[in-house]
Amino acid sequence: VNWDPVDQTVLANEQVIDGRGWRSDAPVERRKLAQWFFRITAYAEDLLQSLENDLERWPAKVRLMQENWIGKSRGAFIDFAIEGRSKNSPEKLRVFTTRPDTLDGATFLALSPHHPLATELAASDPKLTAFIAECDRVGTSEAAIELAEKKGYRTTLAGKHPYLPTGLPVFVANFVLMDYGTGAIFGVPSGDQRDLDFARKYELPVIETYRPLDSRDPTPDEIERYQAKFDENPVVSIGNGTKRESLFHIARTAFVDKSDTQKVRYTAAGFMKEREVTPIVAIEKAIEWLEKNGHGEGTIQYRLRDWGVSRQRYWGCPIPVIHCEACGIVPVPMDQLPVELPEDVTFDKPGNPLDHHPTWKHVACPTCGGNARRETDTFDTFMESSWYFARFCSPRAPTPTERSDVDYWLPVDQYVGGVEHAVLHLLYARFYTRAMRAGGHVAVDEPFEGLFTQGMVCHETYRDEAGNWLLPQEIERTGEQAVTIDGNRPVEIGRSEKMSKSRKNVVDPANIIEVYGADTARWFMLSDSPPERDLEWTESGVEGAWRFLQRVWRMVDDAADALPPANRDGVGAAMPADLSAAATELRRATHKTIKGVSEDIARFHFNKAVARIHELVNRLQAENSSDAGIHHARREALESLTLLIQPMVPHLAEELWSRLGHQTLLAADVAWPVAEAALTIDEAVTIAVQVNGKLRATIELPRDTASNEAEAAALADPAVQRAMEGKAARKVIVVPNRIVNVVV
RNA sequence: GCCCCUGUGGCGGAAUUGGUAGACGCGGCAGACUCAAAAUCUGUUGCUCGCAAGGGCGUGGGAGUUCGAGUCUCCCCGGGGGCACCA
């Protein structure tokens, strides 16, 4: 773990900045601590499989992020015989590799500084002890790793290659991780850039294992030039004990290719007869050979690590465990749960207040009654969010869940959240649900059937000449420039970013609601951009939304008195049988809008739904017919409009409903409108006519006009004839109700 | 470094999934109303040549497939995100 020696607490990777604690600025150490973990790795395969099979309504991006995070790798354990070891160390060193096919090129072995063998060697080697301590001082942050040099310490041990005479010196190396694979690796400089860099540094040979099929052998001239360049670190190639020529193409760049389609040529490959195969095939051949000859076995490794849930914090749920000298670790008995936090804690010194508390941690052992110590670590904050949805189904139940309730409600039909939880909350909750299933608390595997990841709200950033961040209301914009409101100091306009308190690019919803009302704020947010994308908050955009809502109100208010009486039961009045053409056209517009908006909302395309509503309003305002039927059609249109905007602007919609003469409550009493199918289809269609793929005319035809008639109509169009320049049509493509393309 | 997404007017974004590119909104321009302004309304608004009629060009760049490409394929460039001593 990352340990902050000043604050005396574990830090998450995100809280380590340039190798130092984010608050204390002290160099972070790596420390081995007794911590509680949840064995999420036991579900690695299950979690991975369900990503593909059970989460169709999750965004592909989130599924991919989880897939990468779980990080499944097919590979092999290889056991190398070790020479020069002490009597009680194991005979063989086991390494993990995803590329057993490159075994020919192995020229060294490397251990993690925390590998048991390294620890053992360090006991009698002060220099190695110092080297390991140095490795520990380097933080685990990205920046620290970037800066850290790849360093190795050459031990007196040597590994034996399974079938080649190559000697394999054993290093302890700072870049080998203890918690992935076996904590030991074999190095293949020709097939891995990092191994190549390492080989250069410690003057290890580079042995080719495979090369592109189309590569040729180097000419003597090239070898000479190559040798001149790298004479201090010669590249040699040995296959089956026979000396080969130097390999210029791996001089500086390792050849790393793991294609499952592209074959490569293996230059030696003692584990198979074939020479030209894909690496994927070669990997399986190598595993076969290892297993048959007792040098190792095929395996699958995951990058996913167990979930460390211990926190040295006061604000958390105490981990319900008691440590007893005599009985070991004892769970707190059911009847003593929940363990409650003491309220008389102090925060006057660094570290965990629960640990400092004079009495809280001293308890009797539930098993033997002797003196025992309560666990003072608390659970990670992600614990609670991992199962709240199950608890919410029956919040007052005496048990964690009530099966009849969770069976009824779960899984969650539609979950909405930010993508930043892709490999935090969303992964933990999936794991936790599986654990709850195993414990009989729920019956489902997956907590969230559908997932929608919405974007962030963004705003421009502003700073004064001193570099201080300014709130949007502290500045005044004029075109491209901006000045402070008070002192007319110049303001630098920065790029738009996710709203945050630290950058002050926030807009207080209370102000917006005060000036424009909540309906306007909602309407703008929904209309501006698709919800999965970031939203750029702009004053002018809000103004526009506000203007539109004013327009809708005026339109309904002006029209209401001339309409036929409202239908007490709901939408619309009975339509007269002999509707005018204009009225029918208006009805079509209404019903097409109902259909479109309903579909858009179901697909989360709120901005498109808003656009359609705009179109209907524009259409209604342009309507200037005055026959009797139009008033019926208008009532239907206005009431439908009111219903369609209700989910987005509920206050306005309720007012409109009332103004339209209704006594009922729109939100509670009135059903969502249903489009009449016959009215959602136009009788005439506009068909585009192309000549050689270029648009030359559009023609109006009745819907479903026969292809030969559409063709004739297209060819008769003067603009089309002009474009054809008197030539005969060689070919005419007709797509019904859509397009006619004339090829001349 | 590896993996993924993305690129459309001045801006946010549409485009029935291979069939009229730019819906709708913001912004701009012109006009009406007004003593004037605000508000509102009308028209116009991809670029370009043209008095006009009418052309030409156009979805980051280049090639390809197709009667037809924003949409499909390949290469390149830009932007964003995820992972990262993972052997």
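In what follows, every chain begins at residue 1, and chains take the letters A, B, ... in the order their sequences are listed.
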To the nearest angstrom, how far is A/Q66 atom CD from B/C83 atom C1'?
14 Å
Which nucleotide in the set B/C67, B/C85, B/U40 lies at the smallest distance from any side-chain heavy atom of A/V743?
B/C67
How long is the span from the CG atom in A/N607 to the CG atom in A/D600, to the nearest 0.5 Å?
8.0 Å
Which of these nucleotides, B/U20, B/C57, B/A84, is closest to any side-chain atom of A/I739?
B/U20
Mind checking A/Q690 for me? I need base, sugar-phosphate or nothing, with any heavy atom below 4.0 Å counting as a touch.
base
Does B/A32 pair with anything, Watson-Crick or G-U wobble, both distances under 3.5 Å, and if so, with which nucleotide?
B/U40
Please state whether the phosphate of B/G13, meaning OP1 or OP2, lies under 4.0 angstrom from any side-chain nitrogen or oxygen of A/R533.
yes
Considering every strand and a 4.0 Å limit on heavy-atom distances, what is the contact class for A/R554: base, sugar-phosphate, or nothing?
sugar-phosphate
Using a heavy-atom cut-off of under 4.0 Å over every strand shown, decide if A/N607 touches base, sugar-phosphate, or nothing.
sugar-phosphate
Between the side chains of A/R63 and A/E67, is the shortest nitrogen-to-carboxylate-oxygen separation below 4.0 Å, so that they form an ion pair?
no
State whether A/R303 places a side-chain N or O below 4.0 Å from either non-bridging phosphate oxygen (OP1 or OP2) of B/C85.
no
Are any side-chain N or O atoms of A/N741 and backbone N or O atoms of A/G693, one a donor and one an acceptor, separated by less than 3.5 Å?
yes
For B/C83, the Watson-Crick or wobble counterpart (both distances under 3.5 Å):
B/G1
Given B/C57, is OP1 or OP2 found less than 4.0 Å from the side-chain N or O atoms of A/K694?
yes
Which nucleotide in B/A84, B/A14, B/U16 has an atom nearest any side-chain atom of A/K608:
B/A14
Starting from the 5' end of RNA chain B, give me the residue, A/G693 or A/A719, whose nearest nucleotide shows up first.
A/A719
Nearest-nucleotide pick for A/R738, side chain only, options being B/G19, B/C86, B/C67
B/G19
Between B/C2 and A/N68, is there an OP1 or OP2 to side-chain N/O distance shorter than 4.0 Å?
no
Look through every strand shown and name the nucleotide pairing with B/C24 as Watson-Crick or G-U wobble, where both distances are under 3.5 Å.
B/G12
On the nucleotide B/G25, are OP1 or OP2 found under 4.0 Å from the side-chain N or O atoms that A/N618 carries?
yes
At less than 3.5 Å, do the side-chain atoms of A/R305 and the base atoms of B/C86 form a donor-acceptor pair?
yes
Listed nucleotide nearest any side-chain atom of A/I185, set B/U20, B/G56, B/A87
B/A87
Does B/A39 have OP1 or OP2 sitting under 4.0 Å from an N or O in the side chain of A/R551?
no
Ignoring the backbone of A/V735, work out which of B/G19, B/C24, B/G12 is nearest its side chain.
B/G19
Below 4.0 angstrom, N of the basic side chain to O of the carboxylate: do A/D197 and A/K150 qualify?
no
As an exercise, state the distance from NZ of A/K608 to CG of A/L526, rounded to the nearest 0.5 Å.
15.0 Å
When both distances are under 3.5 Å in a Watson-Crick or G-U wobble arrangement, the nucleotide paired with B/G50 is none
On the side chain of A/K61, is there an atom forming a donor-acceptor pair with the base of B/C5 - under 3.5 Å, no angle test?
no
Closest of B/C26, B/G19, B/A87 to the A/R547 side chain is B/C26
Of all the nucleotides listed (B/U20, B/G13, B/G56), which has the minimum atom distance to the side chain of A/P530?
B/G13
Tell me whether the count of non-hydrogen atoms from other residues, nucleotides or ligands lying under 6.0 Å of NZ in A/K592 goes above 12.
yes
Sugar-phosphate only, base, or nothing, as touched by A/S527 at under 4.0 Å among non-hydrogen atoms
nothing
Among B/A23, B/U20, B/A87, the nucleotide that comes nearest once only the side chain of A/T686 is considered
B/U20
How about A/W537: does its CH2 atom have over 12 heavy atoms from other parts shown lying under 6.0 Å from it?
yes
Using Watson-Crick or G-U wobble geometry with both distances below 3.5 Å, tell me the partner of B/C74, or none.
B/G62
Considering only side-chain heavy atoms of A/I733, which listed nucleotide, B/A14, B/U20, B/C67, is closest?
B/C67
If you find the nucleotide of RNA chain B closest to A/L64 and the one closest to A/V419, which residue's nucleotide is nearer the 5' end?
A/L64
